[in-house]
Amino acid sequence: MFLVKIIKNIFNEKSKYFGTSQCKVSVLIPAYNHELYVEETVRSIWDQNYPNFEIVAVDDASGDDTFAILEGLRKISPIPMRVYQNEVNRGPAFTLNRAASMASGDLFIPFSSDDLFLPGRIERQVDILKSNRDLYILYCNGHGLDDSTNTRKGVCHTPHAIELLQKDAKDVYLYLITHKNCIFVHTSMIRRSLFEAVGGYDETMLAEDWSLNVKIFRYLSALPDKHHAFCDEPVFEYRVHAAQNSRNDKRQLESKWRMIERYTPDHLKLQASNNIILGHLDAPWCRLTDTERAEQLVKLVRFHASLGEWSSVLRLCSRYVNLYPDNEDLRFLKTAAENHVHSNTDAAPH
């Protein structure tokens, strides 16, 4: 009888850890042309010491062996692992939403098929979320990983981003619709209920992580009893390599324009376009040609004109017309701005 009691106690203790009472975590992976990295990514997830998690990987019609590698890994996976493939390339937002729709977890970790989990990530994040039921999303930190040298390179969340994440949801939301995104979704663990409440990823956006952050903080702003948190611990390694879309200036600028047009209210569009678009064009790391840069400037000036911000149009044209003296659009817009500003000045009461 005593032996039976001991065995029952041991079983009960194990059930607390290994049983279904543990929150189930789903790692969502949109995979695309990462045959060089995807196996290392999956194995880093396998190495987690948490007992109740799954991988849901969706290949976005890769042109290499990514899907075949995922299928091979699924067959030998020590944890539940589901693998699907899009019939045609649909982009990461669609692919992540598809993965989420097929996941069975209470908590989501959106990830990438070329990055790496650090040991103990899932257990640490679950512990924090379980201790606070009003916490809907937990962001952490991560390291960059230089692909050419395989060495760590800085951190994902800068002191500025950390300071931002410690503010109220309304402050974070206001920042995200007027500045470029500085918050890494891949460091987060999200309650499924929050992900579904905001409608998942916006499939019309190229900047899928940025738009998801905006939707999350807009939603949390209206719920003062539900909140976010930040834990300054590294939970993943962000691989930095030449093939990343984030290093393409044209794509970045297109995604930034879409974000401003869709998510920034009209009264903040001037501020947002100056911070986000002009900030990109003036950055030392911008690799656009002079012609491409001039085209973006003309687009920015025309955008300000459409907002009726003629003083800003005049300032921009005056600043850049000498740098691009052959650009007829800038000269024309400068003249138009001068006429608007002067006519408004003449019309003002004396």
Q.
With a 6.0 Å cut-off (strictly less than), is the heavy-atom count around NZ of K269, excluding the residue itself, greater than 12?
A.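 Enclosed.
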
According to a hydrophobic-cluster definition based on side-chain heavy atoms being under 4.5 Å apart (Ile, Leu, Val, Met, Phe, Trp, Tyr only), do [X] and [Y] belong together?
X	Y	answer
W285	L281	no
I29	L118	no
L206	I183	no
L176	L194	yes

Q) Going by an N to O cut-off under 4.0 Å, is there a salt bridge joining E295 and K299? A)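 No, E295 and K299 are not salt-bridged.
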
Q) Less than 4.0 Å between a side-chain N and a carboxylate O, is that true for E71 and R74? A)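 Salt bridge between R74 and E71, a charged N being under 4.0 Å from a carboxylate O: yes.
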
[atom1]/[X] to [atom2]/[Y] distance, rounded to the nearest 0.5 angstrom?
X	Y	atom1	atom2	value
E208	S255	CD	OG	9.0 Å
F195	K215	CZ	NZ	8.0 Å
R192	F108	CZ	CZ	4.0 Å
D134	D225	CG	CG	6.0 Å
D59	Q85	CG	CD	4.5 Å
C140	M189	SG	CE	8.5 Å

Q. Can a donor-acceptor pair be found between the side chains of Y320 and N327 at a distance below 3.5 Å?
A.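 Checked: Y320/N327 side chains show no N/O donor-acceptor pair below 3.5 Å.
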
Q: Taking atom types as modelled, find out whether D249 and H280 have a side-chain donor-acceptor pair closer than 3.5 angstrom.
A: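 Yes, H280 and D249 have a side-chain donor paired with an acceptor closer than 3.5 Å.
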
Q | Passing option when E254 is tested against K250, R258, R251, K256 for salt bridge (Lys or Arg N to Asp or Glu O under 4.0 Å) | A |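 Answer to the salt bridge (Lys or Arg N to Asp or Glu O under 4.0 Å) test with E254 among K250, R258, R251, K256: R258.
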
Return the minimal non-hydrogen interatomic distance between [X] and [Y], and the atom names on each side.
X	Y	answer
S318	K334	OG-CE, 3.6 Å
S26	S104	OG-N, 3.7 Å
C156	F236	SG-CE2, 3.6 Å
V56	M102	CG1-CB, 4.3 Å
N322	P325	O-CD, 3.4 Å
R121	H186	NH2-O, 2.8 Å

Min side-chain heavy-atom separation [X]-[Y] under 4.5 Å:
X	Y	answer
P78	W46	yes
D60	P30	no
V298	Y324	no
S113	T66	no
F53	V126	no

Q) Could you walk me through whether H227 and N132 pass the side chain to side chain donor-acceptor pair (under 3.5 Å) check? A) CA-CA 10 Å; H227 59 274; N132 189 342; 3.3 Å; yes

Q: Report the C-alpha distance between L278 and L316 in whole Å, list the side-chain angles of each, state the deciding distance to 0.1 Å, and finish with yes or no for side-chain contact (heavy atoms from CB on, under 4.5 Å).
A: CA-CA 10 Å; L278 190 59; L316 285 172; 3.9 Å; yes

Q) So Y219 and Y136, would you call those rings parallel, tilted or perpendicular, with 30° and 60° as cut-offs? A)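 Rings of Y219 and Y136: parallel, as their planes differ by under 30°.
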
Q: Could you check whether the rings of F184 and H157 sit parallel, tilted or perpendicular, using 30° and 60° as the cut-offs?
A: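 The arrangement is perpendicular - the two ring planes meet at more than 60°.
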
Q: Applying side-chain contact (heavy atoms from CB on, under 4.5 Å), run through R239 and E40 and close with a yes or a no.
A: CA-CA 11 Å; R239 197 184 298 273; E40 189 178 4; 3.1 Å; yes

Q.
Could you check whether W257 and F303 have their ring centres less than 6.0 Å apart?
A.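 Ring centroids of F303 and W257 are less than 6.0 Å from each other.
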
Q) So, Y175 versus F217, ring centres under 6.0 angstrom or not? A)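 Distance test on ring centres: not under 6.0 Å, no.
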
Q.
Show, in sequence, the C-alpha distance, side-chain angles and deciding distance for H304 and S273, and conclude whether the side chain to side chain donor-acceptor pair (under 3.5 Å) test is met.
A. CA-CA 9 Å; H304 286 193; S273 60; 2.8 Å; yes

